[in-house]
Amino acid sequence: MKLVVTEKNDAAQQIARLLSTSGKPKADKVYDTPVYRFSHDGEEWVTIGLRGHIMAPDFPPELKYDRKEGWYGLTTEGEHLPARLPDDLAKPPYETKRKPFLKDGIDIKGWKVPSLPYLVWAPIEKLPAEKGIIRALKNLAKKADSIVIGTDFDREGELIGSDALRQMRQVAPDTPVSRARYSAFTKAEIDHAFQNLVELDQDLADAGESRQYIDLIWGAVLTRYLTMARFGGFGNVRSAGRVQTPTLALVVQKERERQAFVPEDYWVLWGMLAPKGSASEDDSFKATHATARFKDKAAADAAFARVRDASEARVLSVEKRRRTTNPPAPFNTTTMQTAAAAEGISPARAMRLAESLYMDGLISYPRVDNTVYPKSLDLKACVRTLSEVPQYRPTCQALLSGGPLHATRGKQETTDHPPIYPTAAADPGSLQPAEWKLYNLIARRFLATLGDPCVTEGTKLTFDVEGERFTSSGTVVVEPGFRAIYPYGQRKDEQLPMLSEGDVCDVRKMTLDAKQTEPPARYSQGRLIQEMEKCGLGTKSTRASIIQRLYDVKYLKNDPVEPSQLGMAVIDALTEYAPRITSPSMTSELEDDMTKVAEGADTQEDVVTHSRALLSGVMGALIEHKDDLGNAIADAVTADAKVGVCPKCGRDLVMKTSAKTRGSFIGCMGWPDCDVTYPVPSKVKVEPIEGEAGVCPVCGAPRIKCKPFRSKAYEICVNPACPTNREPDIVVGTCAVCEADGRHGDLVAHKSEKTGRRFIRCTNYDVCGVSYPLPQRGELHATGETCPDCGAPIVEVVTARGPWRICVNMNCPGKEKKAASRAGRGRGTSASAKASGAKRGTRAKSTKSAKTKSAGGKSSKAKSPAKGES
DNA sequence: GCAAGGTC
């Protein structure tokens, strides 16, 4: 039996399909791992897919977390950091084993190494990370006559293959092993690779392993240092790394540019014009002075003085220019992430969604650099498949009825995977809304790459107004081309009226606006991904998760991306004491070292030791300034948590977490001397307001900015008892429980002065116990109506999105019905999803969400009338 | 409780 080991299940399946004589390999399992059995040239073959790296490098157990000691060399008190070094380095359990590394100023491989914390010189071991797969791999290796390593054709692939081989060698020390190198799943390519087997390139694998070691050593040492310089409690890791830190530095640098930016005044002179005699408002259009930005106020004023009372504008010239925009290139990971980010899907979320669509068989493999469709891809068949989706049908039919299809080509061409394209027709009803949003983007992008250019016509009108020149421009789509199916990022048409040279327009209004130049814009998440790619930071598979990591450790906030005070403090500190890690150049130097190892010009040991020496070179300065850094971090964390100033004692009010309930509240830094606390408005992101506007003029408590998810931010005083937050009590209905008991009770909407939360309570609450929750936002009105399903009152809530009516009973049977019908919509499995063999698709998800909903309803604190009666 | 790189 011949054993083929690939990097992932998908590849194992494809290779089996392409090499099997019958074309139909048999799917089997070894323990829990899928394998594919088939015969090839009369020989029995089996393929198995790994899950990427199956081994994880780590420090020996004694250097990992210790309950008493914390991370080695750094305790939770933080005090021991300098004290433990170098004294403790001479102590057991390490002195016998690792003594040579611990003396001052010794030579290691030609580099002078000063006294160091252990970790910098600690040995690294590789431990099994995928035990189940390793078990299956060994099981097959024992039975195999020969082994082929068929992992991806890149450095990491060589390393993954080498790790797998080491495991197999434990049980099959003498079985012949070779390496297949392929870069596309086509019959010709795979046949060629397996007829021209080579040897595993251990140098290349060693290069990859050096990368693993260097990343771990620098990351772990600096992360432990930052975290322990001032321990902020569990769950407050301050991380650093070869990729994440330079990425954070990019964001911080942009923020510094914005802070250093000095706005300049300028003036814009503009007016509204309309064709002579037109009475319609729709005909008016904007015209701006030919000097788009007046830098000089006197000149602006002078021009304005000449035109302010003008009544006529004469057309001096009409310029028309046609512009064609070519259809976009096929999606690879980066361009897909960027386009998704522009639609409000973060890169990390886009990758999660793409993974799910891929597993459901709806799109092709989502981790690709390639932007050129391979010749083997049957574009027509893809279009035919997509025509099953009603939204795409007209476009698909137009494409199919035309001549041969021509697709755009992007700049990057590789042949391992095709660009991201839809592989099956999706049913919007059976996908989660976000999944559909991404699928729709990918499907439309695919159709757009086959479309015609979009032709727009721009018109530029020049006017004379009392001797001053004004211009007006508009753009109109003439031939939508690919834009008909791919409207993303398209600007709205700006239509100008039909005018000719010499025509006269009415001047409806003239205005002089004083403006200021804006600082450079922050990065959007999409732009940051692109910037990382430009700087060589991370890979297509890791960039999204690295940005997510920076958000998770609270170095970044908001979108567009903004650094927190903490993020800036970390960059400042590392720039001063370990500048190497803050710059993308560490990555490029690492690449050079890797190349040397791969070429055999240097060894893994040399490269890693050299890197350790560089790190050890900065340890002294880091440790010396541990307290400065600890203080800077603590101050930054406080600044990030600050919401305003305490009206009672003048100290900072910060966001705190209750030890008992785990909930957040706003409390005074002066506690226990000062006991001022406020509740945090629920379901919103809270930001302080700078300056005078950040203090409530009525009660003196801070005013804060609240940003609810996906709706408009608003500002309120944090003090729920403040008169600015008071709402009149409203009678919204009659208590059904009290009526049944022969009493009368009014249901009254209150706002608690303590918590600021709104709720409904019966005036006889002590007797009947009837209360209901209320939406916390929006203006509340009584309707006088009762719910047909449960008899509870119906209230109207007016928000920015408009008024809506709701039955206040959380357990109302009507809500269950609605929830069921919502879930039911997702329950139907589409023909396409079935065809594509969707296993863990939408069915499980929607059932789960339906369950969550009903469970939430039952556990609600609201007491229904029925419950009150019993 | 550490990184970045694979993949799920």
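These numbers come from a predicted model, not from an experiment. Here is how names work: the chains are called A, B, and so on, in the same order as the sequence lines, proteins then strands, and each is numbered from 1.
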Item checked: Closest-nucleotide ordering on DNA chain B, the 5'-leading residue of A:R242 and A:H417 ->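 Closest to the 5' end, via its nearest nucleotide, is A:R242.
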Protein-nucleotide distance ([X], atom [atom1]; [N], atom [atom2]), rounded to Å:
X: A:N236; N: B:dC2; atom1: CG; atom2: P; answer: 12 Å
X: A:I149; N: B:dG6; atom1: CD1; atom2: C1'; answer: 15 Å
X: A:K126; N: B:dG5; atom1: NZ; atom2: C1'; answer: 11 Å
X: A:I124; N: B:dC2; atom1: CD1; atom2: C1'; answer: 11 Å
X: A:D10; N: B:dG6; atom1: CG; atom2: P; answer: 16 Å
X: A:H53; N: B:dG5; atom1: NE2; atom2: C1'; answer: 4 Å
X: A:K540; N: B:dA4; atom1: NZ; atom2: P; answer: 17 Å
X: A:R155; N: B:dA4; atom1: CZ; atom2: P; answer: 15 Å

Base, sugar-phosphate, or nothing: which does [X] touch, judged by heavy atoms less than 4.0 Å apart?
X: A:T542; answer: base
X: A:D152; answer: sugar-phosphate
X: A:G52; answer: base
X: A:S541; answer: base
X: A:G157; answer: nothing
X: A:I546; answer: sugar-phosphate
X: A:R51; answer: base

As a test of reading the structure: which of [options] is closest to the side chain of [X], going by heavy atoms?
X: A:P57; options: B:dT7, B:dG5, B:dA3; result: B:dA3
X: A:E355; options: B:dT7, B:dC8, B:dG6; result: B:dC8
X: A:T227; options: B:dA3, B:dG1, B:dG6; result: B:dG1
X: A:E7; options: B:dT7, B:dA4, B:dC2; result: B:dT7

Checklist line | Selection: residues 204-217 of chain A, any non-hydrogen atom under 4.0 Å of DNA chain B | finding: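 When residues 204-217 of chain A is checked for heavy atoms under 4.0 Å from DNA chain B, the hits, listed by number, are A:R211, A:Q212, A:D215, A:L216.
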If the cut-off is 4.0 Å, is [X] near the phosphate of [N], judged by side-chain N/O to OP1 or OP2?
X: A:R543; N: B:dA4; value: no
X: A:R549; N: B:dA4; value: no
X: A:S239; N: B:dA3; value: yes
X: A:T539; N: B:dG6; value: yes
X: A:Y358; N: B:dT7; value: no

Check: Can any side-chain N or O of A:R242 pair as donor or acceptor with the backbone N or O of A:D215 at less than 3.5 Å?
Finding: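 Here the side-chain-to-backbone pair does not exist.
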Notebook entry, point to check: Any donor-acceptor pair under 3.5 Å joining the side chain of A:Q244 to the base of B:dC2?
Noted result: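 No pair found.
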Next item on the list: Kindly say whether, by distance alone, the side chain of A:N9 makes a donor-acceptor pair under 3.5 Å with the base of B:dC8?
Entry: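 Between B:dC8 and A:N9, which were checked side chain against base, a qualifying N/O pair under 3.5 Å is absent.
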Next item on the list: Go through the structure and list residues passing salt bridge (charged side-chain N to carboxylate O under 4.0 Å, His left out) with A:D154, not counting sequence neighbours.
Entry: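 Partners of A:D154 by the salt bridge (charged side-chain N to carboxylate O under 4.0 Å, His left out) criterion come out as none, since no residue qualifies.
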Next item on the list: Determine, using ring centers only, whether A:Y421 and A:F331 are less than 6.0 Å apart.
Entry: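 No, they do not, as the ring centres are separated by 6.0 Å or more.
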Next item on the list: Could you verify whether a donor N or O on one side chain and an acceptor N or O on the other, from A:T595 and A:D592, lie under 3.5 Å apart?
Entry: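 Result is no, nothing qualifies.
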Check: Do we see a donor-acceptor contact under 3.5 Å between the side chains of A:E189 and A:T415?
Finding: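 Judged by distance alone, the side chains do not pair up.
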Check: Tell me, which pairs form a salt bridge (charged side-chain N to carboxylate O under 4.0 Å, His left out) where one or both residues lie in residues 160-170 of chain A, sequence neighbours left out?
Finding: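 Listed once each, the pairs are A:K126-A:D163.
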Checklist line | Nearest-0.5 Å distance, CD of residue A:E130 to CZ of residue A:R135 | finding: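 These two atoms lie 14.0 Å from each other.
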Note to self: Distance check, rounded to the nearest 0.5 Å: A:N332 atom CG versus A:H417 atom NE2?
What the structure shows: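 Those atoms lie 12.5 Å apart.
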Next item on the list: Using a strict cut-off of less than 4.0 Å between a Lys/Arg side-chain nitrogen and an Asp/Glu carboxylate oxygen, indicate whether A:E158 and A:R155 qualify as a salt bridge.
Entry: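 No.
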